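Keep in mind that what you see is a predicted model, and the values were worked out from it rather than measured.
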Amino acid sequence: MFTETVCPYRQKIHTCVPIFLIFFLVIPKLSHAIGINLEGRTSFDGIPSGVIRDLEVSNKVVYVAAENGVFEVIGHESEKLDFNTSNHATGVISDIQLNGTDLWVVEYGVGVFKVNLENKNSQQVFSDREWSSSIWTMAMTSSHLYFSVIDDVIAVDRTTGQSTSLNSKLESFKLNGTYSLFANNHNAYVASNKGYLSIEGALDNLQEFKLSSKLPLLSNATFIKVIDDELYIGGPQGVYILGSNERFVPTEGISGTYIQDVVKGEDGVISGFRRSPFTARR
């Protein structure tokens, strides 16, 4: 990274929201951000949690995706959810998504499950698709489900069930190392090693951006998210914030780590989380 390139961005840091970097202690910061105290919790329902990979929050209920299961946490009480009831195979619980009364659970190496939180009934979905056991993370809009299979993203039309490979629609690069997806009701975003995608509504409105031309200070994109109408894209070198005031916040001096998540707390402070790629992804 050249000094003459980085210095202008350093000057912009003072006008940005502060970004604090932490290592491995993700739960205390997330607890502060969502206003629910999980600090010090290393087990749920009497079961050691292991590595915690994701959280979803609904009012005062927290759903924790951990190495040793998915847990529903209310105050000091917790219950392990039995979602994989029909498949004896086991894998890595890599992602959860809350959608109304349904909790979607991604178990890498096995498939995707949908749990009805009102009656706790679960079902495995898309088990007939050859890519279902290769899903690492997912996101959803009102029209599509998006499933990352690490070196591609599969978009599934929620009405017809038709699936489309996003790689088949790209021209300037192909997706690989795709561990981060984000979606709101209408739009979806994909971070990848060589660039990122923005999908506004229909798949016909897909835009692809190469890092080398759009975000030159990132060697690859490991994180993507929209916060307050601004697009955050993170990687080993720091975070780009794309909005009315585009800026870059570098994270220098620590090798072998990358931005994994960004959370906005109740006080408006943005916290960035960095993890080793081997402990965070594998």
Side-chain angles (χ1 to χ4, degrees), residues 1-33 51-55 136-137 139 148 150 172-173 175-182 187 189-198 207-282:
M1 189 178 294
F2 298 104
T3 303
E4 59 267 28
T5 302
V6 175
C7 285
Y9 289 103
R10 285 178 175 165
Q11 296 172 359
K12 293 183 180 180
I13 297 174
H14 301 291
T15 64
C16 300
V17 290
I19 291 189
F20 299 99
L21 305 178
I22 65 170
F23 300 87
F24 306 115
L25 301 178
V26 176
I27 290 303
K29 280 291 184 181
L30 286 178
S31 302
H32 172 73
V51 176
I52 293 177
R53 293 188 172 86
D54 197 12
L55 295 173
W136 180 263
T137 188
S148 168
I150 301 180
S172 61
F173 63 90
L175 297 173
N176 58 79
T178 305
Y179 292 105
S180 182
L181 308 178
F182 179 82
N187 305 328
Y189 304 87
V190 179
S192 184
N193 278 351
K194 295 183 179 179
Y196 73 95
L197 309 180
S198 171
Q207 293 181 289
E208 52 191 284
F209 302 93
K210 294 187 69 173
L211 295 182
S212 57
S213 56
K214 180 69 174 178
L215 308 176
L217 296 182
L218 290 184
S219 60
N220 60 82
T222 60
F223 165 79
I224 194 163
K225 191 175 188 178
V226 174
I227 302 177
D228 292 340
D229 297 324
E230 293 187 306
L231 184 61
Y232 288 69
I233 304 173
Q237 292 79 21
V239 181
Y240 273 95
I241 305 172
L242 307 182
S244 57
N245 177 26
E246 180 177 325
R247 60 265 198 211
F248 177 76
V249 182
T251 53
E252 299 177 87
I254 305 169
S255 62
T257 59
Y258 59 87
I259 296 295
Q260 181 189 16
D261 198 4
V262 172
V263 175
K264 183 175 182 179
E266 294 177 340
D267 53 4
V269 171
I270 299 293
S271 299
F273 306 109
R274 288 163 64 100
R275 296 283 299 270
S276 160
F278 297 104
T279 58
R281 296 301 184 196
R282 300 296 179 186

Using side-chain heavy atoms (C-beta onward) and a distance below 4.5 Å, is L242 in contact with L215? yes

All side chain to side chain contact (heavy atoms under 4.5 Å, CB included) counterparts of N193, not counting sequence neighbours: N176, N220

Can you check whether Y189 reaches I233 side chain to side chain, under 4.5 Å on heavy atoms? no

Salt bridge (Lys or Arg N to Asp or Glu O under 4.0 Å) contacts in which one or both residues fall within residues 211-220, not counting sequence neighbours: none

For S219 and P236 the tightest heavy-atom approach is OG-CG, 3.7 Å

Note, L217 side chain near Y240 side chain (heavy atom, < 4.5 Å): yes

Applying salt bridge (Lys or Arg N to Asp or Glu O under 4.0 Å), name anything that partners E230, two or more places apart in sequence or on another chain. R247

Please enumerate all residues that pass ring-ring contact (aromatic ring centres under 6.0 Å, His included) together with Y196, with sequence neighbours excluded. F209

Could you go through F248 and L218, starting from their C-alpha distance and side-chain angles, then the distance that decides it, and tell me whether this counts as side chain to side chain contact (heavy atoms under 4.5 Å, CB included)? CA-CA 10 Å; F248 177 76; L218 290 184; 4.0 Å; yes

With sequence neighbours left out, write down each residue that passes salt bridge (Lys or Arg N to Asp or Glu O under 4.0 Å) with K225, or none if nothing qualifies. D261

For D229, give me all partners under side-chain hydrogen bond (donor to acceptor under 3.5 Å, both in side chains), at least two apart in sequence or on another chain. none

Please answer whether the main-chain N or O of Q207 pairs with a side-chain N or O of S198 as donor and acceptor at a distance below 3.5 Å. no

Of all residues at least two apart in sequence or in a different chain, which pass the side chain to side chain contact (heavy atoms under 4.5 Å, CB included) check with T178? S148, V153, L175, L181, V190, S192

For K210, check side chain to side chain contact (heavy atoms under 4.5 Å, CB included) against everything at least two apart and list the hits. S172, F173, S212, S213

